[in-house]
Amino acid sequence: MFILFGFRSRDRQIAILTLVCEVCGVTAAQALTKRTTKFTLFFIPLFPVRPGRHHLQCTHCGAVRPVTGQDAARLAA
């Protein structure tokens, strides 16, 4: 008998913002996403194994940088 288990990360897009990128310096759309990682059993996600992490990705240069949860809430509002 085999037990299949593992981890799965999912990205959920929260908002698209127009900001100046800290990497390339261009005013471009920035995608605000939240990544959650869950423990899976037989390919069914059961519970989160780490807190959600927020990221901003520049559509011009593709750079991804982390954002704190407080900053993400402020940007999404």
Side-chain angles (χ1 to χ4, degrees):
M1 181 167 131
F2 292 102
I3 297 177
L4 298 174
F5 65 93
F7 301 98
R8 175 179 289 176
S9 294
R10 294 271 180 164
D11 289 341
R12 184 176 53 122
Q13 187 172 351
I14 297 173
I16 299 288
L17 309 162
T18 303
L19 301 169
V20 176
C21 178
E22 294 177 0
V23 178
C24 65
V26 175
T27 301
Q30 309 278 326
L32 178 63
T33 58
K34 181 178 182 180
R35 175 172 290 165
T36 56
T37 303
K38 294 187 176 182
F39 176 79
T40 60
L41 183 64
F42 293 105
F43 305 105
I44 300 170
L46 296 176
F47 54 88
V49 292
R50 69 168 52 142
R53 296 180 179 177
H54 295 86
H55 301 295
L56 273 176
Q57 181 174 10
C58 178
T59 58
H60 182 261
C61 67
V64 178
R65 58 187 197 276
V67 179
T68 64
Q70 294 172 351
D71 288 341
R74 183 181 53 82
L75 289 171

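The figures that follow rest on heavy atoms only: side chains count, while hydrogens, waters and symmetry mates do not. Everything numeric here is computed off the predicted structure, so don't read it as measured data.
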Point to revise | Q13 versus A31, closest heavy-atom pair with distance | key: NE2-CB, 4.4 Å

**Study point:** same_hphob_cluster(F43, I3) at 4.5 Å side-chain heavy-atom cutoff
**Key:** yes

Exercise for review: Please say whether more than 12 non-hydrogen atoms of neighbouring residues, nucleotides or ligands are located less than 6.0 Å from CZ in R35.
Suggested key: no

Review point. Is there side-chain contact between T36 and D11, with at least one heavy-atom pair below 4.5 Å?
Key: no

Check your understanding: Just wondering, are more than 12 heavy atoms of other shown residues or ligands nearer than 6.0 Å to CD in Q70?
Key -> no

Check your understanding: Minimum heavy-atom separation for H60 to A28, with atom names?
Key -> CB-CB, 3.9 Å

Point to revise | T27 side chain vs V20 backbone, donor-acceptor pair below 3.5 Å | key: no

Exercise for review: State plainly whether one hydrophobic cluster holds both I16 and L19, where clusters connect Ile, Leu, Val, Met, Phe, Trp and Tyr through side-chain heavy atoms under 4.5 angstrom apart.
Suggested key: no

Point to revise | Heavy-atom closest pair, residues C21 and Q30 | key: CB-NE2, 3.6 Å

Check your understanding: Going hydrophobic residue to hydrophobic residue with side-chain gaps under 4.5 angstrom, can you get from F5 over to F7?
Key -> yes

Practice item. From the options R12, R53, H55, select the one residue that forms a side-chain contact (heavy atoms from CB on, under 4.5 Å) with T33. Key: H55

Review point. Can you tell me how far the CG atom of L75 sits from the CG atom of L56, to the nearest 0.5 Å?
Key: 6.0 Å

Exercise for review: Please name the pair of heavy atoms, one in I14 and one in A76, separated by the smallest distance, quoted to 0.1 Å.
Suggested key: CG2-CB, 3.9 Å

Check your understanding: In terms of hydrophobic clustering (I, L, V, M, F, W, Y; side-chain heavy atoms under 4.5 Å; direct or indirect links), are L41 and V49 co-clustered?
Key -> yes

Check your understanding: Any idea which heavy atoms bring S9 and T37 closest together, and the distance?
Key -> OG-OG1, 2.9 Å

Review point. Do K34 and H54 have side chains that get closer than 4.5 Å, going by heavy atoms?
Key: yes

Point to revise | Cluster link V67 to V64, ILVMFWY, side chain under 4.5 Å | key: no

